[in-house]
Amino acid sequence: MSLNIENLTVYYQTLKGEVHALEDASFSLTDGEIMGLAGESGCGKTTLGTSLILLNGRMRYIRGTVLLDGQELPIWDNRGMDEFRFKQVSLIPQYAMSAMNPTRRIGKMVHELIEARHEDYNEIMPELKRRLDLVELPQEVLKLYPIELSGGMKQRMVMVLSTLLNPSLLIADEITSALDVSTQKAVVEMLAEFRDRKFVKSMIVITHDISILSQVADSIMVMYAGQLSEKAPTETIIRHARHPYTKLLISSLPKVGIKYSEEILHGIPGKPPLLLDPPIGCRFRDRCPVAYEKCTQVPPFLELDKDHFVACWKEFEEHA
Amino acid sequence: MRRYFLRKILIYLLTFFVAVTIDWMIPRFMPGDPVMNMLSKAGSMHAEAQEVMYGYLTSSFGLDLPVWQQYVNFWKALFHGDLGISILQFPKPVIDVIKSALPYDLLLLIPSILLSYYAGNKFGAYAARSKRMDNTLLPIGYILTATPYMWLGILLGWVFAIILNIFPISGAYSYALKPALSWTFIKSVLEHWFLPFMSLFIVQFGGWAIGMRNMIIYELEADYAHYLEALGAPRKLIRRYAYNNAQLPQLSGLALKLGVIVAGAMSTEIVFSYPGIGYLILMAIQNSDYYLLQGCFLFIIIGVLLANFIIDIVFVLVDPRTRLGMQGGAS
Amino acid sequence: MSEPKKKNEFLYFAMRNGKLKVGAVIVFIFVLIAIFGPKFARYPLNEFVAGGPNPPSADFYMGTTAYGQDVYAQFVYGLGTTFIVGIIGGGLATLLGMLVGFVGGYKGGWVDEVLNIITNIILVIPTFALLLIMVAYLKLRGVLIESIFIGLTSWPWAARAIRAQTFSLANREFVDLAKLSGMKTMKILFREIAPNMMSYLFMTFILQFGGAILTAATLDFIGLGPTQGVSLGLMMNWATNGSALLLGYWWWFVPPGIAITAVVGALYIMNVGLDEVFNPKLREM
Amino acid sequence: MRKVVLTILSLIMVASFVLIGCASTAADTPAAAAESTTAEEAAPVAEEAAMEEAAPAMVDYPRAETLYTMGKQWGPATSWNPLQQGSYAMGTIGLCYETLFLYNPLTDEYIPWIADSGDWVDDTTYQLKIKEGVTFSDGEALTADDVIFTLEMGKNFQSVYYSELWAWLDSVEKVDDYTITMMFTNPLYQEWANYLYSIAILPQHLWEGLTEEEAVVGANQPPVGSGPYMYESADEAKVAWVRNDSWWGIKGLGLEVAPKYIVDINNISNNAALGMVLQGQVDLDNNYLPGIASVINGGYGITTYYPDEPYMLSANTAWLVMNLTKAPMDDAAFRRAVSFAIKVEDIVSKDYGNIVVPANSTGLLPIWDQFVDQDVVDELGFSYDPDEAKAILAAAGYKDIDGDGFVEAPDGSTIALEIGCPNGWSDWMVAIQIISQNLKEVGINVEPVYPDYSALTAGLYGGDFDMVINNDAQMSNTVWSYYHFIFYHPIKEQMISGTGNYGRYENQEVFDLVDQLDATPITDVEGMKAIISQIQTIQLTDVPMIPLWYNGVWAQTDNTYWTNWPSSAEGAPKYVPATWNGYWNMGAVLMLTELEPVAAE
Amino acid sequence: MLKLSEITKTYKVGTFGGKSLYAVRKVSFDIKDGEVISLIGESGSGKSTIGRMILKLTSITSGSIEFNGQDISTIKKADLKDYYSHVQGVFQDPFSSCNPIFKADRIFEIMHEEFFPSMPREEWDEKLVEALHCVGLNPEHVQNKFPHQLSGGQLQRFLIARALLLDLKFLVADEIISMLDASTRIDVLNLLADLKSHGLSILFITHDLSLGYYISERAVILYKGTVVEMGETDKIYHTPLHPYTQMLMASVPHLDHKWEQKTTDLGGKVEDITEGCVYFSRCPLEGKGEQCRADIPPLVEVEPGHQVACCCFQK
């Protein structure tokens, strides 16, 4: 078990009160696993991802434990987390395009960052160059400023940089959404390659695009309104999803080969609840076609089949 | 790169042209008669001779050519470094008058600008570290930058020159000295320089401190700062980056502020009777010395343009973004 | 987490923002003094009511000048002038800046290019020197003309900032939509773009307001201020001519400077407060 | 970055120092001076420069041996040309160039200086003897030739300020090296007496051959004169003179000037001037310093001519100029009403703190008291009396028709006038505020305005003004100068400075009287009085201008380094302690011979 | 209905505008009544520029656009308003399409003011309610709200309703669902298809090939401002001819099967070719030669209703 999360709860502090962005998330990740984290915007997937590395100004740690390789991450302690960051747990942020200091040459920035983390830059240098080759970046990029790189190149540079110290866990947050399909494909394939080469042990790939995940992830976890809905191996999610939300979500995705004139797809009616004052029980209740009275209680996230976790009363009932 | 500078230079040239044209217009549209003013100070009781004198002087400043010709001549003379004769300091050429004032401006302006820029930025960055410091140190900055230069100057003069009597109150060096490259003289120059320098320094210092504080707060919220934080980079490194980046808008702010600083220097010079160009301008206005006014204005323009140009170059050196922008150009 | 933006949200932050409150209160107090102060003046402005200089007393709240004029009367009237200069000078500069910035940022192309060059030229020319010369042309000067001149020379940086803002707004889709609705350019500028910049324009105005006050004070002080009326800058000028400080009449020289510093400083502090109110990024400092 | 900044900074500092430091030689040998001086003069310039380079150690003026003055220069000195009456550097005439006589207005004495004696041989012939042994500072003797050369310069060059002398001077003849006779066609005794102490004698050997422009417009730096001081240096901030230890006067007059150096500092502002006075940097300050009374009693060691109010001697008359070409100022009754409405006492006490004194109705300075015809003044003179002012206005038909509290002209037109003084002249600004208040109290609507100096003078000279304060007529040896000024004729389009009749008062009768006065011998006091009485009758009836107060000879003297300043105290020297142009030769130079250094501890 | 003939858009670059950059280069196609055409391309392909040119938000450098036989480049004032009453657009970001400081309804108010100034309030309100119903919105739920109080999907419908208030003939839908969540985007897409069946022509601009397939009859593939392939959707999707189209198709992440081969195309530094095939430097074809570098291959019809611009299909 490389990552083990129990009851992780993180709220957002806002004027009107606390936004329950992540509620009692418990799941684990095995070594070498690439887990896709999917869900609509505002479902808490980014909150989950970033809380594992850096709670930003308005995020409040409420409860829960995070064990990485058996060690507990003090995610509530900004300073205490420092030693884990980069080395144990690393991040490719959503904003990879602007993640590098615009006024420093990239190599110099990497150098300064590495030294600041008490590593020997010269020692790392050969590995850095190998990895640049791997992502097909010329070594000259180190002498360039970020602005001189194209979007795809910056994306790759950040990928290399984030994984340079071989972290145990890598969080890749919406890294493909700004890219063209062709580049998207290359970047995603590279992530897998990084895993294969053991630059990182396990990975959480956050995206709203399930079809991307279907290509690269070993497992997919679906979130809805701050709660975990379902987690299962990729194939299972795509073909045999059990949570009504997952099912609806998958069925609403247009695919090449489906035409409006031949088959009309449908979205999920309604909209997600406000997390400022979330409904009690299953949060998908209002939009769920199969909801019943039991759903006023929070469904636990249970392993119904092997590696297949679901949080749905109806499913529990049927399974039982 | 070359194109960028070509464009810049073109704008500077255009600015220079417009400014010089305005400059040329000054004496032609000013009210009052400078020669008359010059003579009116004579207070002589022999008016007949004055009339003859008046004729003499007027013709020697002659403005009897057609306007366009005067304009062309003005440019011609300008390229020969001829700015005419000062009325106030007749018969000294304007260029000489300005030449003797210029070193004082350099002495006052450049150190005060550079040092206040440096110290103010440091101070602002320091204040931005925590809310507590921000709230205690920053109001000082606001008060300083809102202080009228001359008011502060007079207060400083009063405290340090009159009450404590440790600094002289006026002039550029002791009246007991003649200019010479000796230690006594340099010491005297520094003593006289200190108070006007301080009043310029203090006000500018406040401005820079605030500017830096505002900028660095933005920078600390920038994506790269968050990314570095996520990679566990020490705060020191992040602050250093933020500081360096925040300096860029500060630097372009410096270019914009030069005009204001020049104004501040003028009033400071007046307060401390510091014989720079600002003081000359006041004298020139009070005495309708067109030619001197023209000359001073021209020098200020050249100075500000030059400073702007230097800032532009420095900017290109420190900010890679401008360099890239140059290649793309504006669409 | 997109935060709902509401007007009362701004109000909420405004009420919570110490900088804004402190700044606004100080400015407000001075505005009150400027408006109601004259009603409490015991002596008419600039009349020679006392034999000579008097320190502050119950009779002369702020003492008298070397010539026996009531400093309080000068101060409260001068404060009014200062605000007028700020409003007219700062207002005019903001208006001009708006005009140039809006048109340049929205129209783009050669119009923008030309306006940009003009802005740059005025920006680079030391406007204060220009102001000195312009002012020197007038035989008699009033507060109004002084303010107008200040406004005429200090708009460029406002124009530059507003242009950048307009430029980014002009490329927003709601502007496209307005165009698709057949709205005319000016209507788009003032009904679609300008309302979005109100906070920004307001902040620009505040900075210009403070700047105009300082510029006027400098002009007044070096004797190129209004030849008529009274202002805080003129008070300093008179006090300096009367060697007030050297002769120990601090009550004549110190208050106008403090008032200017306080008003301008408070405006600046207010501005930072407003920035924090309007810019969510800065709120959590 | 930091290093770069520091390097630039230090470079600039050093460069500035070098520029400032080297400015000395540049300032002492300006191109302009070289251009306008002749070959003969070029030599001393070079010598001077060489001397300075040879003795670099001499950089300062020892405090104990130097007299620091202030109050004359309102800008850097740029001319040492005694022919440039208005702009020559402090002391050019008096310290460097000398006049034939001195005139001490306090004692009404003509003191032979270069001249040994001067007498009217007959009505039209004046014979002048000059002292033997008078030399210029370059060693050349000053002889009759130099005097004749100087006077004849006025004949040759129209733009020389005394050229008008030759309208009534026929010829100047040399009798011997030390004796000269002047033949007049129409001797104007008063004016001649004035010239005797105001024309500086120039060295013929240096000035000969100069063109008119060179002579009149040239900077004449460094000057070579016969006086007790020689040019030492000059820069933007000051002019320095050094004592000529081989001055002829040591033997010839038995006098020695005390200060080794005189350094005159440029004025900047009242505030800076007072600051320097308080710091003890200035020994003799000729600035108007408001509030000086409290300084004198403030333990700074500052004294003035009088220990009490008004502290200062009177130097000139400040009067209200009214534009007589405009209604209602063209009405004598109106002017007279104005004269009764102004409370000069308020100006004197509130504005000036009693350091000036109210003027006599005639405006004649105290030194001319004997010429005031008290009978005329008693009958026609005015004093503050608002009721009288209102009565005069009412009688002349000025009534408030529209009820705004201000009178309208007899023809019903509104009266709205402006009274002006230069912006920044704080004492006058306050004065016109008071006048405006006073006039409003009697129903005359006059607003104070403060245009800039040049705009104001342009209006004044061109006749485009309502009311203005002026004080151009200085104290002199003769009352005539005062009347010449206020009744200047003929009236011209531009009444430029020096023509005092800015209000454009036209009255041939009084013009003739003034001319007649000019032609009255200075010894004929009774004759003068008779004419003056007539003038005063007309003056007080017509009120072409209104004398207000006497501006002082602002003089603050510091006793820290030098004592025995002129003062009203018994036994103290009785000279006018002023460094202004025209005052050194009115006896101020003698003050220098009386000064005593305070022995250094 | 709408005919684009060789439209080109260039931008001046360089200090004095010495160089020009092609954003769109000689693009021609037409859209018939009641037809949906997908304009597909990656960022920088010029697809949005074409949409903006149709909407007259961007000027046309050369070429012409005809709407019902009338050249739109010169129309002004009243004619322009008339044009806008038939041709409207909806954009990518629904939030940015609403002025954030006003209530969302304001966009309707503007329409009322600008297009139907004389229509009485009641009549207008009826019309509005009808339009909202038409896009599947309950007026009570969406009226009198600020944009941020509505979801992206609702707002996008809102904006479509705005266009429907007019006598709409043609709609430019520029990436209108790419910012919506998966659960709602399909509904907006369905709405578009619905409108089409009522006779509306739509230019559907997208980078997502599956969306293009779902809704349109014909597709136009753009690369660097140039049309590389166009034709009936089925033909293009099932037998892409241009190597670029092929690459795009291969990159689509399908839910049901994994990517076939590893692509190494990272679109790194690409050589700028001004004369010649735009795809030259990335073209993997063995047969590419000097001719491709020198000449711009014209669009040729390889089969009925399927055109491609590649030198392989020239002869």
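So that the names make sense, note that chain A is the first sequence line, chain B the second, and so on, each numbered from 1. Here the structure is a predicted model, which is why all the values come from computation and not from measurement.
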Asks: Among H266(A), E263(A), H208(A), R287(A), which residue forms the greatest number of heavy-atom pairs with chain E at distances under 4.5 Å?
Replies: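 Greatest number of close heavy-atom pairs with chain E: H266(A).
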Asks: Are I268(A) and T184(E) close enough that some pair of their side-chain heavy atoms sits under 4.5 Å apart?
Replies: no
Asks: So which part of L213(A) gets closer than 4.5 Å to some heavy atom of chain E, the side chain, the backbone, both or neither?
Replies: neither
Asks: Can you tell me how far CZ of R185(E) sits from CG of L253(A), rounded to the nearest 0.5 angstrom?
Replies: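 Nearest 0.5 Å value for the CG-CZ distance: 8.0 Å.
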Asks: Side chain, backbone, both or neither: which part of L249(A) has a heavy atom under 4.5 Å from chain E?
Replies: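 Contact with chain E: side chain only.
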Asks: Are side-chain heavy atoms of N190(E) and Y260(A) found at a separation under 4.5 Å?
Replies: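 A side-chain contact under 4.5 Å exists here.
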Asks: Atom CD of residue position E262(A) - does it have more than 12 heavy atoms of other residues, nucleotides or ligands inside 6.0 Å?
Replies: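 Enclosed: over 12 neighbouring heavy atoms sit under 6.0 Å from CD of E262(A).
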Asks: S178(E) versus chain A, heavy atoms under 4.5 Å apart: side chain, backbone, both or neither?
Replies: neither
Asks: Quick one: closest heavy-atom pair of Q154(E) and K271(A), and the distance?
Replies: OE1-NZ, 3.9 Å
Asks: Nearest 0.5 Å, please: how far is CG in L211(E) from NZ in K255(A)?
Replies: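 The distance works out to 11.5 Å.
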Asks: Contact part of V188(A) toward chain E, heavy-atom cut-off under 4.5 Å: side chain, backbone, both or neither?
Replies: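 The answer is the side chain of V188(A).
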Asks: Distance from H207(E) atom NE2 to Q184(A) atom CD, nearest 0.5 Å?
Replies: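 Between atom NE2 of H207(E) and atom CD of Q184(A) there are 7.0 Å.
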Asks: Does D277(A) CG have over 12 foreign heavy atoms under 6.0 Å away?
Replies: no
Asks: Donor-acceptor pair, D187(E) side chain versus G267(A) backbone, under 3.5 Å?
Replies: yes
Asks: Which region of I238(A), side chain (C-beta onward) or backbone (N, CA, C, O), has a non-hydrogen atom less than 4.5 Å from a non-hydrogen atom of chain E, or is it both or neither?
Replies: side chain
Asks: To the nearest 0.5 Å, what is the distance between OG (S261(A)) and CD (E217(E))?
Replies: 7.5 Å
Asks: Just how far is it from atom CG of L274(A) to atom CD of Q149(E), taken to the nearest 0.5 Å?
Replies: 10.0 Å
Asks: Report yes or no: is the cationic atom of K259(A) (NZ for Lys, CZ for Arg) closer than 6.0 Å to the six-membered ring centre of Y214(E), at no more than 45° off its axis?
Replies: no
Asks: If you count heavy-atom pairs under 4.5 Å with chain E, which of G270(A), S214(A), S251(A) comes out on top?
Replies: S214(A)
Asks: Please name the residue in the list M249(E), E42(E), M247(E) that meets the side-chain contact (heavy atoms from CB on, under 4.5 Å) test with V181(A).
Replies: E42(E)
Asks: Say you draw a straight line from OG of S41(A) to CG of D181(E); how long is it, rounded to the nearest 0.5 Å?
Replies: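 The distance works out to 3.5 Å.
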